[in-house]
Each structure stands twice: as C-alpha cells, then as structure tokens.
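None of the values given here were measured: they were computed from a predicted structure.
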Amino acid sequence: MPTEFGLLGELQAQVDGQPLNVGHVRQRCVLAALLVDVNQVVQVGQLVDRVWGEHAPAGVNATLYSYVSRLRACLTTADDVRIVRQSGGYLLAADPDSVDLHRFHRLAGLARTTPDAAQALRIFDESLNLWRGEPLTPLDTPWANGLRDALQRDRIAVDRDRSDLALRHGQHATLAPYLMACVDEHPLDERLVGQLMLALSRSGLQAEALDQYDRLRRRLADSLGVDPTPELQRLHTDVLKGDTELPDRAGTVVVGEATVPRQLPAPPPHFAGRARELSELTRLLSVRDDGGQAVAMCAVGGPGGVGKTSLALRWAHDNLASFPDGQLYVNLRGFDPAGPMPPEVALRGFLDGLRVPATSVPADLDARAALYRSLVAGRRMLILLDNAHGLEQVVPLLPGGPGCVVLITSRVRLGGLITTYGARWVGLDVLDGDEAHDLLARLLSRQRADAEAASLREIVRRCGGLPLALSIVAARAVMQPGLPLDAVTEELREEATRLDALNAGDLTADLRAVFATSHHRLAAAPSRLFLLLGLAPGPEIGLAAVARLADLPATRARLLMQTLQDHHLVQQHRPERYRLHDLVRLYAADRAHRDQPPELLAAALLRLVEHYLHTAQRAARVLDPQREPVAAWPAPTGWSVAEFSGQPEALAWFAREHPMLLAALEHTAAQGLDRHTWHLAWTLETFLDYQGHWRDWAQTQRLALDAARRLQNPLRQAHAYRSLGLAGTQLGLLDEAYDNQRRALALFGELGDEGRQADIARGLGWICHQRGNWAEALDFNQQALKLYQHLDHRPGQALALNNLGWLHVLLGEHRQALAFCAEAVAVHQKIGDAHAEAGAWDSLGFAHHHLGEYAQAARCYERALELVRGFHDRFNEADILRHLAETRQATGDPDAARGCLEAALTLLRQLDHPDAEQVRADLDRLGGSP
C-alpha cells in the first residue's frame with residue numbers, strides 16, 4: 001500500500017495503512033509546508049516563514065535542516081516519498097494523489113468537467129468525503145491558519161457546486177434538509193440561500209422559500225446595510241410566480257461544452273520571421289500524456305517592442321487544435337503607466353470566461369485561485385499571461401496540475417518561474433535584416449515597398465530590427481500616404497530626432513513611451529546606471545568600464561547590470577560584456593540629459609575615459625616594450641589598473657576594446673579634452689599598426705595633432721606628425737607621409753631630441769624605399785644608425801641595421817645585406833623584441849633568396865612567420881608569405897607557392913589593402929586565383 005498523507009483534518013501520515021509518527025508540531029508543520037507544494041521546490045525562506053512566521057529563532061536555518069533530516073528518517077520506510085535539497089530549498093517528491101489536499105482539488109476539477117451528472121455527483125462526494133475535520137489540526141502558525149481558512153473556502157465552493165448539480169438533476173427533496181443546516185451555519189451566504197429557495201420551491205414549499213429570502217433580506221440590511229443581489233431578487237420574483245423550473249440560477253456553475261472559453265485576441269495581422277522561436281515553443285509546450293505532474297509552462301522574454309505578444313498569439317492560433325477545452329487570455333499590463341493588473345482582477349476575468357456567476361466568485365485572492373485551479377484541473381487548455389510584471393502577479397494564475405499549457409510574456413526575466421515552477425525560457429531578440437525587411441514590406445503595400453526600396457533598407461537599418469519601431473514607421477506612412485519614406489528616413493538619420501520619428505500618436509505606438517514604462521520600473525540605483533550607459537561611447541562596454549563609469553565596486557556594478565538584464569534593457573552577449581540596442585541607448589541618453597545634472601554626467605564620462613586611458617597605456621607598454629614612453633598618465637588614488645601577463649593578453653584586450661577606445665577618443669576630441677585625446681591616440685598606435693587599421697590610425701593622429709596644436713605643445717605635435725607619417729606610409733600616401741615626417745624631423749631637431757630624429761630618419765628612409773629611391777633611403781638609415789649608436793640605443797640600432805640590410809639586397813649587394821641582417825637579428829634577440837626580430841628574419845631570408853640559397857631563405861621566412869603570427873600582424877604576415885612564395889616557386893614547388901599566395905591574399909583582402917590586386921595577379925600567373 002502506498003504512503004498517504006492527510007492535511008484535511010488532523011495532520012496524518014500512513015505507510016501500508018499504519019500510522020507514521022512524524023514528530024512534534026514544528027516538524028509536522030515543515031512536512032505540511034512541503035506537502036502543500038508537493039513536487040515543487042519550497043525555498044528555505046518560505047519554509048521559515050511558514051513554520052515560524054515572525055518568530056524565527058537564531059540559527060533557524062540549522063534548526064530547519066535538522067527537522068528535514070528527522071523527517072527523512074521518519075520516511076525511510078516510504079519508498080515512494082523523498083525529500084531532496086534543490087535550488088535553494090527543499091522538494092518533497094511524491095504522487096500528488098497520495099496527499100488528500102491535492103486529491104481533493106483534482107477530483108473537484110474532474111467533477112466540474114464530467115458531463116454525466118450521476119458520475120459527477122459521485123466524484124463530488126468522493127472529493128468532499130476526504131475532509132475529516134478542521135484542516136491542518138493542530139498546527140497553529142500564521143501560515144497554517146491562513147491556509148486553513150483558504151482550504152475551508154475551497155471546500156465550501158466545491159460543496160456549493162455539488163448542490164447546484166444536484167438541484168439541476170432533481171435531487172431537491174433530499175437536498176433541502178442539508179441546505180437548511182448549512183444556512184444556519186452561513187446565514188449571509190446568498191448563493192446558499194438561493195439554492196435552499198430552489199430546493200424548497202421545487203419541493204412544493206413556496207412559502208418556506210419566500211420566508212428564507214425575507215430572513216436573508218433582513219439580515220443583510222441589519223448587518224451590512226445592503227439588499228440581496230439582483231440575481232437573487234430575480235429568483236424571488238420567479239418563486240412568487242411559481243416558476244420553479246429555474247435552470248442555472250442562484251449561482252449555478254455550468255459545466256460541459258458551454259464553458260469552453262475562447263479569450264484569445266485575434267492573431268497578429270502582419271507577422272514575419274520567428275520560425276526558430278515558433279518551433280522552440282512547440283517543442284517546449286507540447287502537451288504531455290505521459291503522466292508527468294508538471295504544468296507545461298514557457299516564458300517569452302525580451303525588451304519592449306520586440307514582438308513578444310505577437311509571437312505568443314501567432315503560436316497560440318497555430319496550435320488551437322491542441323486545446324479543445326479552450327483558451328484563457330489576460331493582458332496583465334505589467335508595464336502600464338497606471339500600474340500592473342492585480343492577480344485577483346485577472347482571476348475574475350478567467351472565472352467570467354469559465355462561466356462562474358458573479359455571485360459565486362469569492363472576494364479573497366486565495367479562494368479565487370483555488371476555484372480557478374479546480375475549474376481548469378484536468379482540462380486541455382491554453383492559459384496566456386501576457387505582459388507580466390513579476391512572479392507575485394503570475395503565481396496565483398498558474399494551474400495546479402498537468403493538462404493545461406501556460407505561455408507567459410514579460411519584459412523581465414522571471415527567474416523564479418524557472419527555478420521554482422519548472423518553466424522553460426525563450427529569449428526574443430530583434431529581427432535579423434531579412435526578417436525586418438519582410439515585416440516592413442508586409443506592413444506597407446508591396447508596390448510602395450518596391451518603389452522606395454532604398455529608403456526601406458535604410459529604415460530597417462535605423463530601426464535596428466525592432467518590430468515596434470518598424471510598425472510605427474509603417475503606421476506613419478499609412479496615415480500619411482503622401483509622405484515619402486525619404487522624409488521619415490531623414491528624421492531617422494539624426495540621433496537627435498530618431499525617437500521623435502518613432503511616434504505614431506498614442507502611448508502604444510510611441511517608442512519613447514514604451515521604453516519609459518520599462519525604465520520607470522527600476523529602482524534608483526539601476527535607473528541611474530542605465531542612464532549613464534546611454535552616454536557611454538562605443539557599441540558595448542565591459543564590466544570594469546561599467547564599474548568605473550558608475551564609480552562602484554565591480555561586484556555592485558555586476559548586480560545592477562543583472563537587474564538591467566532582467567528588465568531587458570541591456571544584453572550580456574559575452575561574459576561581462578554588455579550592449580544596448582541603439583534605440584534603447586538613444587532613449588537612455590535623452591533621459592540622462594533631461595534628468596541628471598550635467599556635472600554628474602561629465603564626471604562619469606571622464607572616469608570612463610580615464611579608465612580606458614590607464615588600461616590602454618599599460619597594454620601598449622606590454623605590447624611594445626621597446627617603444628619609448630611619453631609622460632605617463634597618472635591614475636587617481638585608489639584606482640586599480642588591469643595587469644597583463646604578456647603581449648598576447650595585451651593584444652586580446654586591445655582587440656576587444658578598440659572600438660570603445662576609438663569612440664572614447666572621438667568623445668574627448670568633441671569635448672575639448674585635448675590632453676586625453678592626445679594620450680589615447682598615443683596608446684592606440686602600436687595596436688592599430690599591427691592589426692592593419694591604418695585609416696583609424698591616421699584619423700586618431702589627426703585628432704591628436706589638432707589637440708597638440710591647441711595645447712601649443714611642440715613635442716606632442718612632433719609625435720603626431722611622426723605617427724601620421726607612418727600611417728600614411730602604410731596607406732600608400734607617400735607624398736603626404738613624407739611631408740609629415742619632415743615636419744616631425746624639424747620639430748624634434750628644434751627640441752634637440754636625437755633619438756626621435758633617428759626614428760624619423762628611419763621612417764623617411766622607408767618612404768624613400770617605397771618610392772623606389774633606394775640610395776636616398778640608404779642615406780636616411782645610415783644617418784639613423786649613427787644617431788642610435790651615439791645614443792647607445794640598441795633597439796633603434798637593430799631596426800636601422802635591418803633596414804640597411806634590406807636596402808643592400810635591393811641594390812644587389814647581397815653579402816653586405818647578410819651581414820647587416822644577421823647583426824640585426826642578434827641585437828633584437830638580445831633586447832627581446834620579437835616583433836622587430838621577425839622583420840630582420842624576413843630581410844635575412846630575402847638576402848639568402850637572392851643569393852640562390854633557397855633552403856636558408858625558407859628557414860628564415862618560416863621563423864619570421866612564426867614570430868609575426870604571435871602578434872596577429874596581418875600585413876607583415878602577408879608580406880612574408882609573398883616572399884616565401886617566391887622561394888617555393890624558385891625551388892620548383894608551385895603548389896606550395898600557390899598556398900602561400902592564397903593565404904597572403906586572404907589577409908590583404910581582410911585589410912582592404914591595394915596590394916591584394918598584385919597578389920591576385922601573381923596567383924593568376926600560377927593558375928590558381930581564388
């Protein structure tokens with residue numbers, strides 16, 4: 001015999017029909033608290049509240065643990081019951097029918113939906129006979145007392161439903177004495193008095209029926225100062241007329257086919273994409289017939305305007321056949337300016353849909369929820385809870401057992417539904433480009449979409465794939481058919497007017513208002529951070545930068561970002577990396593400028609810029625340790641700056657952060673923060689060169705030069721001219737590069753800086769080399785070598801030696817070239833400059849190649865490739881691959897040569913470098929262009 005538990009009377013436990021001692025009152029209260037939510041996790045905090053209320057002792061968690069341990073020991077003989085620790089609480093796993101409370105609710109629901117009256121009455125009786133007295137006797141805690149009252153209301157509701165059914169099927173004579181006793185116990189229960197009036201009237205006792213009404217009328221007037229309900233007054237009139245055949249009166253609960261609710265709104269008229277999400281919902285919400293006890297439940301989450309309701313309604317209408325017992329729908333208005341809908345109001349709408357008369361709807365939330373659960377128990381229904389605000393709003397609307405499917409949409413992450421109630425999660429992101437284009441074309445006429453295709457594409461891009469934004473644009477176009485899409489596009493181009501353009505005239509079609517409803521639900525701290533994030537430069541932001549922006553510890557910043565994620569205002573697309581949708585960012589920035597003091601915003605952005613500056617300065621020194629530093633930018637007291645273990649880590653940081661660094665530099669330039677602008681540009685130079693971002697390099701140095709001029713600082717101007725010259729050289733702008741380098745040389749000469757003069761001379765030598773003027777290039781590098789030797793500057797010497805070796809190769813003086821290049825390799829190895837060493841190996845290989853020493857040349861090139869790949873220096877890697885291809889071809893291995901050229905072409909195309917065309921031509925000659 002299985003284990004059985006009794007809550008509907010004195011708390012009982014039996015195994016094989018024998019009573020089981022489950023301990024003292026507190027311990028029994030723990031058992032009851034778990035049995036009420038059988039097969040569901042009850043959080044430790046909930047258990048403490050249920051067992052002790054406001055009087056929890058010190059060390060209560062340890063006490064609770066000991067009670068649970070004792071209960072486990074008591075239940076060792078029960079093979080079909082387990083108490084397990086799970087997700088921050090405890091779960092009692094058992095057959096729900098082994099608990100009389102759950103069996104009562106299941107049978108009541110079954111009785112209400114059974115069309116055969118005799119069978120339904122038998123089931124009603126079976127459910128009511130489970131009651132043995134006051135539930136949860138003798139437990140006496142606030143939780144137990146509240147639950148006891150709710151259960152009594154449930155029993156009364158079931159008893160009244162049973163009486164309705166008995167009356168409709170002619171059992172008035174046997175029912176009348178019972179109802180009279182019930183009226184004595186509940187004299188103000190209008191539904192009960194109506195049932196008694198029907199029983200008496202149909203038994204030929206019209207006077208007694210009228211007397212019952214008159215007694216109730218006086219009691220209501222004396223006690224509450226009100227009259228009987230209009231429904232009961234109509235019954236009184238019918239009894240006076242002798243009309244005793246009164247179906248469905250006095251609060252009758254109609255069951256059967258007539259109660260199938262169809263509350264779903266119409267499906268979305270225009271719907272595009274979302275095939276993956278629809279398929280996922282079908283997979284997660286397939287109604288199971290395998291005896292599983294969990295409710296099939298899924299929450300669809302995403303930011304305002306992303307199309308959660310449209311997706312849910314589309315799926316619901318596509319799957320209507322799976323829900324023969326009906327569909328219940330409620331818009332919970334979770335983010336309505338007037339406030340979210342209370343759950344008791346939502347339940348009232350569900351009970352109306354289930355044809356429960358107004359007089360039969362309990363006033364209490366728990367009683368309403370119990371009646372609702374009873375009515376939907378065992379039925380195959382869809383329950384769509386749209387636009388939920390939080391767990392407390394949703395939980396009372398959940399059915400109590402399998403059969404129903406629950407679909408929830410919300411702008412917040414309802415994590416408690418997943419951890420406690422086993423819900424699944426589908427996150428909804430913006431539409432991709434094709435889906436967004438399809439939706440906008442559907443919203444407009446196809447003829448107009450085709451005629452203004454270019455504007456359509458730009459609108460899709462400016463709206464960032466957000467369905468609501470696309471719908472608002474379409475609504476404006478439909479309402480103003482003479483307005484060309486170009487006019488809307490022009491408004492969308494400007495950040496200052498973009499949100500104004502996304503307003504179609506009411507709150508539900510005003511993107512700014514939609515975002516505001518999510519924003520205004522935030523507490524003060526996450527709200528402030530959200531506004532600051534709208535101002536942060538760059539497409540994303542890391543956790544360390546968030547902390548510095550908000551002037552918070554990283555742990556606190558992480559928690560606040562989690563809150564913003566939960567409200568779908570930010571997205572964590574990689575660990576500790578966050579981004580905002582462009583339109584959300586515009587809203588946040590707009591609100592920041594409206595709501596926050598300008599000095600607060602300026603201080604926050606300055607902290608963020610200096611965070612980037614300090615970290616980039618540290619990474620730049622690790623990336624190129626031989627580079628002569630400029631004056632360091634001091635970190636404020638108490639700031640910690642990231643440490644980098646080596647060049648790969650520093651390079652990875654730059655690769656991750658460089659879009660934000662470029663945006664920060666644009667910000668400082670626009671704000672007139674000239675010192676910050678110049679230093680940021682300096683920190684970026686090596687990374688941008690290594691990665692082939694030469695246009696960005698040139699642009700940052702133009703801003704740096706402007707800043708240096710405003711600062712009237714010749715040294716910084718000289719550095720900017722030098723860097724501009726190097727970037728121009730890489731871009732092939734040789735005349736411009738030469739002029740900038742000559743200006744730098746003159747300024748460094750005026751400053752008496754021989755080291756920088758040597759650097760510039762070497763740079764000028766490279767420009768002359770690019771121009772094909774090798775003799776002049778040789779002169780500049782010899783000048784540089786002498787200066788480096790005078791200063792005992794070994795890194796500079798190594799670079800000049802390498803250049804001289806290369807130039808001697810070009811001049812046909814290969815043996816001299818070998819000597820210069822070998823010396824350059826040795827010096828680079830001594831000083832540990834692996835990147836420059838790669839260039840020397842390349843030059844050495846080139847000299848060997850031209851001496852016909854192909855094996856030695858190949859070894860030099862392979863060593864150069866090994867080194868340069870460690871820096872992800874794509875341009876120099878491509879250059880070395882081209883040299884190696886020449887050597888492979890010279891040794892009669894065209895396939896190996898072709899492989900080298902194909903790899904070089906891929907790299908140059910990634911860089912959008914003009915040399916790609918020459919490599920493609922070389923491949924054509926080999927017969928193998930990709």
Side-chain angles (χ1 to χ4, degrees), residues 7-8 35-40 94-116 119-131 135 147 150-151 153-162 164-165 253-261 263 285 287-297 322-328 343 346-347 349-356 360-362 365-385 394-407 421-422:
L7 299 176
L8 302 178
L35 288 170
V36 166
D37 290 311
V38 68
N39 297 320
Q40 296 184 28
D95 180 359
D97 259 13
S98 68
V99 185
D100 58 2
L101 167 63
H102 299 294
R103 191 157 70 254
F104 163 72
H105 281 130
R106 182 184 65 79
L107 290 170
L110 180 61
R112 286 169 169 137
T113 57
T114 298
D116 181 83
Q119 184 180 0
L121 286 170
R122 285 194 297 273
I123 298 171
F124 269 127
D125 289 340
E126 184 182 354
S127 69
L128 291 167
N129 288 338
L130 293 171
W131 285 72
L147 179 60
L151 291 174
R153 290 191 294 269
D154 288 352
R155 183 192 64 78
I156 290 170
V158 173
D159 184 70
R160 301 295 181 267
D161 291 349
R162 194 252 180 226
D164 281 340
L165 183 62
V253 178
V254 183
V255 297
E257 190 64 29
T259 65
V260 176
Q263 292 187 340
L285 291 176
V287 179
R288 293 169 294 175
D289 292 318
D290 58 1
Q293 297 299 324
V295 176
M297 187 187 326
S322 298
F323 308 107
D325 295 325
Q327 310 90 39
L328 296 173
L347 283 168
F350 283 175
L351 294 174
D352 287 346
L354 293 164
R355 296 283 302 279
V356 176
S360 302
V361 176
L365 171 62
D366 291 338
R368 282 190 186 182
L371 177 58
Y372 156 70
R373 288 194 297 269
S374 298
L375 290 172
V376 301
R379 302 176 74 174
R380 293 169 65 88
M381 300 182 70
L382 173 66
I383 298 158
L384 205 169
L385 310 178
V394 169
V395 169
L397 309 179
L398 301 180
C404 291
V405 164
V406 182
L407 183 55
Y421 297 94

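- At a threshold of 4.5 Å between non-hydrogen side-chain atoms, the residues V38 and P96 count as touching.
- Side-chain contact between P399 and V406: present, with at least one pair of heavy atoms (C-beta onward) separated by less than 4.5 Å.
- Side-chain contact check for D159 versus W131: every heavy-atom pair is 4.5 Å or farther apart.
- Within the 4.5 Å cutoff, no side-chain heavy atoms of L384 are placed close to those of Q327.
- For the atom pair OG1 (T114) and CG (L110), the distance works out to 4.0 Å, reported to the nearest 0.5 Å.
- Using a distance-only test at 3.5 Å, with no hydrogens or angles considered, a donor-acceptor pair links the side chain of H102 to the main chain of L35.
- Atom CG in L328 sits 5.0 Å away from atom CG in L354 (nearest 0.5 Å).
- The shortest distance between side-chain heavy atoms of F104 and V158 falls below 4.5 Å.
- Distance alone, capped at 3.5 Å, is enough to place a donor-acceptor pair between the Y372 side chain and the L397 backbone.
- The main-chain N or O of Q40 is never found under 3.5 Å from a side-chain atom of D37 such that the two would form a donor-acceptor pair.
- Scanning for salt bridge (charged side-chain N to carboxylate O under 4.0 Å, His left out) contacts around R103 gives an empty result, with sequence neighbours left out.
- Under the 3.5 Å distance criterion, the side-chain polar atoms of D100 are matched with a main-chain donor or acceptor of L8.
- Applying the side chain to side chain contact (heavy atoms under 4.5 Å, CB included) test to E126 and every residue at least two apart in sequence or in another chain returns L107.
- By the salt bridge (charged side-chain N to carboxylate O under 4.0 Å, His left out) test, R153 pairs with D364, sequence neighbours left out.
- F350 has its side chain out of reach of V376: every pair of non-hydrogen atoms, C-beta onward, lies at least 4.5 Å apart.
- Separating the CG atom in L375 from the CG atom in D161 is a distance of 7.0 Å, to the nearest 0.5 Å.
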